[in-house]
Amino acid sequence: MSKPSIPKGTRDFLPIETARRNYIFDTIRNVYKKYGYAPIETPAMENLSTLLGKYGDEGDKLLFKILNSGDAFAGIQSTALNDSNALALQVCEKGLRYDLTVPFARFVVQHQSELVFPFKRYQLQPVWRADRPQKGRYREFYQCDADVIGSTSLLNEVELVQIIDEVFLTLDIDVVVKINNRKVLSGIAEIIGEADKLIDITVAIDKMDKVGLEAVKQELLAKGIAPQAIEQLQPILELHGNNDEKLTKLQTILQPSATGTLGVQELKTIFDYLKTLQIKQTLELDLSLARGLNYYTGAIFEVKAGGVEMGSITGGGRYDDLTGIFGLKNMSGVGISFGADRIYDVLLQLDKFPSTAAESTRVLFFNLGEAEERQALQYVQQLRSKNIVAEIYPDRAKLKKQFEYADRRTIPFAAIVGEDELKTNTISLKNLKTGEQQVVSIDALFQLVK
RNA sequence: GUGAUCGUAGCUCAGUUGGUUAGAGCGCUAGAUUGUGGCUCUAGAGGUCGGGGGUUCGAAUCCCCUCUUUCACCCCA
């Protein structure tokens, strides 16, 4: 293969794409800052021991592992080749981060003495997963996380929903914010007598939207859930009405479960606060929302865009003991993560990028010779000092070529300084859109191109 | 990990049941036009047909493997 290429599932970004991506990052960052979150960064690679076992068996398979530097295979017996998984662990001590939450937990434990709790941080960085690429799924993509750790207050959940609301309002996307609670799901599993199958149940009912009730029941049956338990589950999954009505019914159903009742209380509190804050986006209590990551213990969130086929574009939830695995107990946290790459795809499909996300040079000075370029250089510097983006064509090329360059860069003004203009201290300024041209002074030019 | 799918010039694509030197449009370079772009005309450059192996007198075309594209499942942002 002679053509250059990049690894599967990765992408290059052209100037227009980068400008648009920055628009998304800037929007999210500004909202995070507005709510008092502080930025941090962590390395692209973590010790494999930090990452392994945190995302389930599936997650472990999707970790990118990094071969040890030096002679990584020194001392490896040929018999080790029989077990490639074990071999990988012998020759790889590091891996690329899979998300931002687990590295954040590690960060909090490691820097606990330097941090002020409750600690509110945001982090916009790429993560890597060795997944098969498909629609809205890449092997390298950005997560834009905000978390509060060291506080169990539900005000944090409320704040994160406010942030979601404000970000999508700014981006001008209509979304549905789905909210559920892991305690409620635990309570449901408990009262149908299948508490030990909580994960199987959540994974199955998470697909309600996509495959429908019957397929979910099939999957539950296949996972060994008792038929009568599934019958008990059905009315809960089919709960309807507005959020308040659902909560009232749920409270009755979950009465026998202490955990479930607590979950309902938490949801009630969150919805109650949000009601007083005039949230613009649609909030929906969705009992089929489960989310795969097993570390969630309380509220869980997921955001879907209206009018486009796309997986969730934001997700999050509360985790009571994420730092526990790194040796720090009693550190409850709650966080959200915006999927910038999917938001990009959604904005593109809905044609919602502002045109300002693409603007660049205002004036191009043509290059007609040495004396001319010396003068043009002066003008360009003066324009820049007035914050007008200007540049000079670097080569003494034919005018045709210089015009075509300006055209393709969509630069609105061409400034020509040749022999005649040099003598009279003037500039021929041409508006490339209208074709109008006039001979002006540099002061007049400032006004015209502003 | 499972199942499909794509790959021919910089880009978008033709290419007959396997048969001489693989084409078009756009783009690029030069000229018509040595200080005025977008239109037009003329000429030119550019391809080991994704890579490797096989069948055949002969492969872009048929077979196998592999990489890549896109999509679904699993899982997930």
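Lettering follows sequence order; numbering is per chain, from 1. Quick caveat: nothing in here was measured; it's all calculated off a predicted structure.
In this view, A/Asp26 and A/Arg29 satisfy the salt bridge (charged side-chain N to carboxylate O under 4.0 Å, His left out) rule, not counting sequence neighbours. Contacts of A/Arg139 classified as salt bridge (charged side-chain N to carboxylate O under 4.0 Å, His left out), with partners at least two apart in sequence or in another chain: none. Here A/Tyr138 pairs with nothing under the ring-ring contact (aromatic ring centres under 6.0 Å, His included) rule; sequence neighbours left out.
When the C1' atom is compared between B/rG23 and B/rA32, the two are found 28 Å apart, to the nearest whole Å. Comparing B/rG53 with B/rU42, their C1' atoms are spaced 46 Å from each other, to the whole Å. Across the P atoms, B/rG52 and B/rG15 are found 25 Å apart, a figure rounded to whole Å. Going from the P atom of B/rC64 to that of B/rG3 covers 15 Å, rounded to whole Å. For the P atom pair drawn from B/rC11 and B/rG27, the interatomic distance equals 15 Å after rounding to whole Å. Of the P atoms belonging to B/rA59 and B/rU29, the separation is 38 Å, rounded to the nearest Å. Separation of the P atoms belonging to B/rG10 and B/rC6 is 22 Å when rounded to the nearest angstrom. When the P atom is used for both B/rC71 and B/rC13, the distance is 15 Å, rounded to whole Å.
With B/rG35, B/rC28, B/rC71 as the choices, the nucleotide that has an atom nearest any side-chain atom of A/Arg408 turns out to be B/rC28. In this structure, the nucleotide among B/rU68, B/rG35, B/rC75 sitting nearest to the side chain of A/Glu421 is B/rG35. When each of B/rG35, B/rA72, B/rC75 is scored by its nearest atom to the side-chain atoms of A/Arg132, the top-ranked nucleotide is B/rA72.
Each of A/Tyr344, A/Phe168, A/Phe338 was scored for a side chain to side chain contact (heavy atoms under 4.5 Å, CB included) with A/Ile313, with one residue passing: A/Phe168.
In this structure, A/Arg137 atom CZ and B/rC71 atom P are separated by 11 Å, rounded to whole Å. Regarding A/Asp99, its CG atom lies at a distance of 18 Å from the P atom of B/rC75, rounded to whole Å. Taking atom CG of A/Asp57 as the reference point, atom P of B/rC75 lies 12 Å away to the nearest angstrom. Rounded to a whole Å, the CD1 atom of A/Ile6 is 12 Å from the C1' atom of B/rU69. Rounded to whole Å, the distance from CD on A/Glu309 to C1' on B/rA72 is 13 Å. For A/Arg11 and B/rU70, the CZ to C1' distance is 15 Å, given to the nearest whole Å. Whole-Å rounding puts the A/Tyr295 OH to B/rC76 P distance at 10 Å. The distance between atom CG of A/Leu14 and atom C1' of B/rG10, rounded to the nearest whole Å, is 14 Å.
Look at A/Gln134 and you'll find a side-chain N or O under 4.0 angstrom from OP1 or OP2 of B/rA72. For A/Lys8 and B/rU68, the shortest distance from a side-chain N or O to OP1 or OP2 is below 4.0 Å. Distances shorter than 4.0 Å separate some side-chain N or O of A/Lys398 from OP1 or OP2 on B/rG31. The shortest distance between the side-chain N/O atoms of A/Lys401 and the OP1/OP2 oxygens of B/rU36 is not below 4.0 Å.
Base engagement by A/Tyr138 is indicated by at least one non-hydrogen atom pair under 4.0 Å involving a base atom. Nucleic acid contact for A/Ser312: sugar-phosphate only, since backbone atoms but no base atoms lie under 4.0 Å from a heavy atom of the residue. Using a 4.0 Å heavy-atom distance criterion, A/Ile343 is classed as making no nucleic acid contact. Using a 4.0 Å heavy-atom cutoff across all strands shown, A/Gly59 reaches no nucleic acid atom at all. Counting any heavy atom pair closer than 4.0 Å across all strands shown, A/Gly311 reaches no nucleic acid atom. Residue contacts shown for A/Asp341 are absent, as no nucleic acid heavy atom lies under 4.0 Å away. No contact: A/Lys304 has no heavy atom under 4.0 Å from any strand. Nucleic acid contact class of A/Gly316 (heavy atoms, under 4.0 Å, all strands): none.
Less than 6.0 angstrom separates the ring centroid of A/Phe403 from the ring centroid of A/Phe366.
Not a single donor-acceptor contact under 3.5 angstrom links the side-chain atoms of A/Gln402 to the base of B/rU36.
Annotation: cation-pi geometry not satisfied between A/Arg129 and A/Phe64 (NZ/CZ under 6.0 angstrom from ring centroid, within 45° of ring axis). No cation-pi contact links A/Arg318 to A/Tyr296, judged by a cut-off of 6.0 Å to the six-membered ring centre and 45° from its axis.
Heavy-atom nearest nucleotides on RNA chain B were determined for A/Lys61 and for A/Asp131, and the one closer to the 5' end corresponds to A/Lys61.
Residue pairs meeting the ring pair (Phe, Tyr, Trp, His ring centres under 6.0 Å) criterion with at least one member in residues 202-223 of chain A: none, sequence neighbours excluded. Screening residues 429-450 of chain A for ring pair (Phe, Tyr, Trp, His ring centres under 6.0 Å), with sequence neighbours left out, gives no hits.
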*Indicate for each nucleotide in nucleotides 37-45 of chain B, in 5' to 3' sequence, whether protein heavy atoms under 4.0 Å reach the base (B), only the sugar-phosphate (S), or nothing (-).*
BB-------

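A/Phe338 does not qualify as a stacking partner of the B/rA77 base, lacking a centre-to-centre distance under 5.5 Å together with planes within 30°.
By the 4.0 Å N-to-carboxylate-O rule, A/Asp165 lies too far from A/Lys280 to be salt-bridged with it.
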